[in-house]
Amino acid sequence: MYQQVKEYWKNLLEDQLRLMASEKGMEGDVVQTAGELVVNTPPNPEMGDLAFPLFPYAKVMRNSPQNIVKELAEKLNALDTVPEGAVLPSGPYLNVFIDTTSLASSLKEKVDAQKESYGHTETLSGRRMMVEFSCPNTNKPLHLGHLRNDAIGESISHILKANGADVQKVNLINNRGIHICKSMLAYQKFGEGETPDSSGIKGDHLVGKYYVRYAAWEKEDPTALSQAQEMLRKWEDGDEEVLRLWKLMNTWTIDGIEETYKNTGVSFDTYYYESDTYMLGKDKILKGLEDGVFYREEDSSIWIDLEEINLDKKVLLRKDGTSLYLTQDIGTAIQRHEKWPFDSLIYVVASEQAYHFKVLFHVLGKLGYQWAENLYHLSYGMVNLPEGKMKSREGTVVDADDLFASLTSLAKEEIIAKNREAEVGDIDDVSEKIARGALSYYLLQPSPMKDMVFNPADSISFNGNTGPYLQYMGARISSMLAKWEEMKSDFTDIDFDASHLTVRDERELIKMIALYPSLVAQAAVEYNPSVITSFLYDLSRTFSRYYHDHAVLKAEKKEQIVARVALVTMVLQVLKNAYGLVGIPFLQSM
RNA sequence: GCGCCAAUAGCUCAGCUGGAUAGAGCAACAGCCUUCUAAGCUGUGGGUCAGAGGUUCAAAUCCUCUUUGGCGUACCA
């Protein structure tokens, strides 16, 4: 809606510029020559809502930008359609105050009507988009790195959906391979029949314990690795005993990981298992060989030459005919497209694998799959600690469950310290939701592409630019509106009138609400949830200042109260809608 | 070596399809709770936007080079 207002003024100004030019006897379309007007925002709201720099017109119109602005302002002011004071010349800029009153009126109608779907767009309407993320190994519990992956994957799925896409969230469980056998082997040797139930250890942590145990054992026993390899061979031969243990331990891990997903607010539409898919892709490689897309080395391994995309050669099938990571990914992509013909497939995977995906997409293209150009690697940076990289050998890996638990207990302590136990209701539930919001927001704030530093001390602080701060605004508004419910019967004779919303921050809030849908669209185009987190913080900060400075329910005039309640109601709706896109639970009270 | 990515306040990050004095949070300091939840609000200090060139009326933003850091360049996933 804000876009339309911008567009309106841009067109109006451009028309007037054309008029000015032709009055001066200039030939041709001045807008075409100088370029379309750029719409900016003035440095502060007192200077206007929109700013049009007129530098580019100086040369074409042979006049200083200042003079052009002055003339343009006069022309605009002479029009009946331009209200007094709407246009403000400011040096080389022509600033415009938009009509936030009528904007607020139409916004109110729209938000009232659309409610939780306010902000949704049609930009991806009808597109089938698959998002693959998380993809954990079944030999250990999730850590901080997975949490960033999950947060981005989950959020981007919501964002795409909000823009009209038909989204499928998929998880590919890495349950096969030598690393899985290592934990199995250690369990066989040292486990003594321990189970999650008998030990009281969460399944994924129990399996992780034996993965660590293996590493220690490997140092003492030089035959360890060959034993693990032997176990993998048995697994591939379908050895019953090995398969039984494999299934058992997989169940433990996956059950554990699902509990973590539940805590952190992550879910999937479909699970794939590597054990089912690792054979896929071979046929396609052989077919490609027949078609001359690939070539066979003397040792009979199959390769592709990547000279076209300025890369080296890459092996696709081992000399013994077994498949590789790449082979498998080729197979799964093709299989997925057959099962659910997507318009695009987004892989949420760490930036370390950029090369892999470049090759994967190229190979699929060479195999003749048109849709290969609609594959996208949503690459995200590493999560580091203040002292550097996380290293499992040094025990600095931040465990997902531990982190979530400590966030939850801190939130709980905070509620108790503030004496809010009675108001919040289920304190455990609320504490978990605060923890979830804090974590998700912390991880989604930086642009995905960049490496980030996870500072444990910062992450557990609930002050300042944090998830709980955002939740707090929602809770404050909710409690305000609850009070309004009790008093609103005295206001039935008063209609909403947006002309009572004139204070600076009211105008700011109106503009932000109006801008929100275009940001939802932008977040999808950029595959960037931080567009939404930044917006949420801006909106919250502005609102926080606003209700601190201006009484809502205790405003002087009744008309003002009605208008402000309506505005605040809209702010709450937008907050809720945006929370949903970035994994922040809404709290009625906190 | 080659390739990809990054570099903004003491720390963590926004801003990057070029536009007005580069913004937040944390940390430091100073204020504000008989008034809609102080998980809050206000203010002060803090910047050669890594460096050098270039393009432009205008560069943190675009281009080139340099420096520093991360990642990759496996018949691992």
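Note that the coordinates shown come from a computational prediction; the quantities given were computed from them, not determined experimentally. Residue numbering restarts at 1 for every chain, and letters A, B, ... go by the order of the sequence lines.
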*Could you check whether A:Met452 gets within reach of a base, just the sugar-phosphate, or nothing at all, counting any heavy atom under 4.0 Å?*
sugar-phosphate
*asked:* Below the 4.0 Å mark, does B:rU73 have OP1 or OP2 next to a side-chain nitrogen or oxygen of A:Lys314?
replied: no
_By the 4.0 Å heavy-atom rule, please label A:Glu414 as base, sugar-phosphate, or nothing._
base
*Sugar-phosphate only, base, or nothing, as touched by A:Phe462 at under 4.0 Å among non-hydrogen atoms*: base
*Which part of the nucleic acid does A:Ser589 contact within heavy-atom distance under 4.0 Å: base, sugar-phosphate only, or nothing?*
base
*Under 4.0 Å between a side-chain N/O of A:Lys418 and OP1 or OP2 of B:rA39, yes or no?*
yes
*Would you mind reading off the distance between A:Asn40 atom CG and B:rA58 atom C1', rounded to a whole angstrom?*
12 Å
*Rounding to the closest angstrom, what is the interatomic distance between B:rC41 and B:rC36 at atom C1'?*
14 Å
*asked:* Is it the case that the side chain of A:Asn149 and the backbone of A:Phe133 share a donor-acceptor pair, with hydrogens and angles ignored and the cut-off at 3.5 Å?
replied: no
*Would you kindly compare A:Leu311 and A:His356 by the position of their nearest RNA chain B nucleotide and give the one closer to the 5′ end?*
A:Leu311
*Give one of base, sugar-phosphate or nothing for A:Asn419, where a contact means two heavy atoms less than 4.0 Å apart.*
nothing
*In whole Å, what is the span from the CG atom of A:Leu306 to the P atom of B:rC4?*
15 Å
_Counting the atoms with a prime plus P, OP1 and OP2 as sugar-phosphate, which does A:Ile415 contact under 4.0 Å by heavy atoms, base, sugar-phosphate, or nothing?_
base
_P atoms of B:rA27 and B:rA39, separation to the nearest Å_ = 15 Å
_Check: A:Asn463/A:Ser461 side-chain N/O donor and acceptor closer than 3.5 Å_ = no
*asked:* Can you tell me which nucleotide in B:rA24, B:rA14, B:rA20 comes closest to the side chain of A:Arg541?
replied: B:rA24
*Of the candidate nucleotides B:rU35, B:rG72, B:rU37, which contains the atom at the shortest distance from the side chain of A:Glu352?*
B:rG72
*When we call it a touch if two heavy atoms are under 4.0 Å apart, what does A:His377 touch: a base, just sugar-phosphate, or nothing?*
nothing
*What does A:Asn528 touch in the nucleic acid at a heavy-atom separation under 4.0 angstrom: a base, only the sugar-phosphate, or nothing?*
nothing
_B:rC65 versus B:rC71 - spacing of their P atoms, nearest Å_ = 24 Å
*Do A:Glu230 and A:Arg233 sit within salt-bridge range, that is, some charged N less than 4.0 Å from a carboxylate O?*
yes
*Give a yes or no answer on whether the side chain of A:Asn137 reaches the backbone of A:Asn139 with a donor-acceptor pair at less than 3.5 Å.*
no
*Taking atom P in both B:rG46 and B:rA9, compute the distance separating them and give it to the nearest angstrom.*
15 Å
*According to a strict under-4.0 Å criterion, is A:Ser544 in side-chain N/O contact with OP1 or OP2 of B:rC41?*
yes
*Anything below 3.5 Å on both distances counts as a pair; with that, list the stems of at least three consecutive Watson-Crick or G-U pairs involving RNA chain B.*
B:1-7 with B:67-73, B:10-13 with B:23-26, B:28-32 with B:40-44, B:50-54 with B:62-66
*A:Lys389 side-chain proximity, nearest of B:rG70, B:rC57, B:rA77*: B:rG70
*asked:* Any side-chain N or O of A:Tyr442 below 4.0 angstrom from OP1/OP2 of B:rC26?
replied: no
*Has A:Ser461 got a side-chain N or O lying under 4.0 Å from the OP1 or OP2 atom of B:rG25?*
no
_What contact category does A:Pro42 fall into here, base, sugar-phosphate, or nothing, at under 4.0 angstrom with non-hydrogen atoms?_
base
*Taking atom P in both B:rU42 and B:rA24, what distance in whole Å separates the two?*
10 Å
*A:Gln3 has an atom CD; how far is it from atom C1' of B:rU17, in whole Å?*
13 Å
*Expressed as a whole number of Å, how far does the P atom of B:rA7 sit from that of B:rA60?*
15 Å
*Donor-acceptor pair under 3.5 Å: do we get one between A:Asp312's side chain and the base of B:rA74?*
no
*May I ask you to check whether A:Asp150 and A:Ser134 show a side-chain donor-acceptor distance below 3.5 Å?*
yes
*Remember a base hit wins even if backbone is also touched, and classify A:Ser479 as base, sugar-phosphate or nothing at under 4.0 Å, heavy atoms.*
base
*Roughly how far apart, to the nearest Å, are B:rG15 and B:rU8 at atom P?*
14 Å
*Consider the side chain of A:Lys450, meaning its heavy atoms from C-beta on, and name the nucleotide among B:rU21, B:rA77, B:rC16 that approaches it most closely.*
B:rC16
*Rounded off to whole Å, could you give me the CZ-to-C1' distance for the A:Arg504 and B:rC41 pair?*
13 Å
*Atom-pair distance (CG on A:Leu54; C1' on B:rG19), nearest Å*: 11 Å
_For a quick check of understanding: with a heavy-atom distance under 4.0 Å over all strands, which category does A:Met449 fall into, base, sugar-phosphate or nothing?_
sugar-phosphate
*Nearest to the side chain of A:Arg420, which nucleotide is it out of B:rC41, B:rC13, B:rU37?*
B:rU37
*asked:* Counting only side-chain heavy atoms from C-beta out, which of B:rA38, B:rC41, B:rC57 sits nearest to A:Phe55?
replied: B:rC57
*Pick base, sugar-phosphate or nothing for A:Val552, based on heavy-atom distances below 4.0 Å to the nucleic acid.*
base
_Measuring only the C1' atom in each nucleotide, how far is B:rA14 from B:rA52? A whole number of Å is fine._
27 Å
*What's the base orientation of B:rC16: syn (chi within 90° of 0) or anti?*
anti
_Any side-chain N or O of A:Asn463 below 4.0 angstrom from OP1/OP2 of B:rG40?_
yes
*NA contact type, A:Tyr93, heavy-atom cut-off 4.0 Å: base, sugar-phosphate, or nothing?*
base
*Please determine, for the side chain of A:Tyr472, which listed nucleotide (B:rC75, B:rU37, B:rU12) has the closest atom?*
B:rU37
*Backbone N or O of A:Lys433 within a donor-acceptor pair of the A:Gln471 side chain at under 3.5 Å?*
yes
*In terms of the nearest nucleotide of RNA chain B, which residue is placed more toward the 5' end: A:Leu50 or A:His179?*
A:Leu50
_Nucleotide of B:rA77, B:rU37, B:rC13 approaching A:Val453 most closely (side-chain heavy atoms)_ = B:rC13
*Is there a donor-acceptor contact under 3.5 Å linking the side chains of A:Arg148 and A:Tyr380?*
no
*asked:* On the nucleotide B:rU37, are OP1 or OP2 found under 4.0 Å from the side-chain N or O atoms that A:Lys483 carries?
replied: yes
*Below 4.0 angstrom from OP1 or OP2 of B:rC75, is there any side-chain N or O of A:Ser301?*
no
*asked:* Side chains of A:Gln3 and A:Glu7: any donor to acceptor distance under 3.5 Å?
replied: no
_Minimum-distance nucleotide (side-chain atoms of A:Pro56 versus B:rA14, B:rC57, B:rG40)_ = B:rC57
_Cation-pi check, A:Lys558 onto A:Phe491 ring (under 6.0 Å, within 45° of axis)_ = yes
*Are the side chain of A:Ser323 and the backbone of A:Met279 linked by a donor-acceptor contact shorter than 3.5 Å?*
no
_So does A:Ile68 get a backbone contact from the side chain of A:Asn63, meaning a donor-acceptor N/O pair under 3.5 Å?_
no
_Positive for salt bridge (Lys or Arg N to Asp or Glu O under 4.0 Å) with A:Lys412, one of A:Asp426, A:Asp429, A:Asp428_ = A:Asp428
*Which part of the nucleic acid, if any, lies within contact of A:Tyr537, taking any heavy atom under 4.0 Å across all strands shown: a base, the sugar-phosphate backbone alone, or nothing?*
sugar-phosphate
*Tell me which nucleotide among B:rG40, B:rA39, B:rA14 gets nearest to the side chain of A:Pro446.*
B:rA14
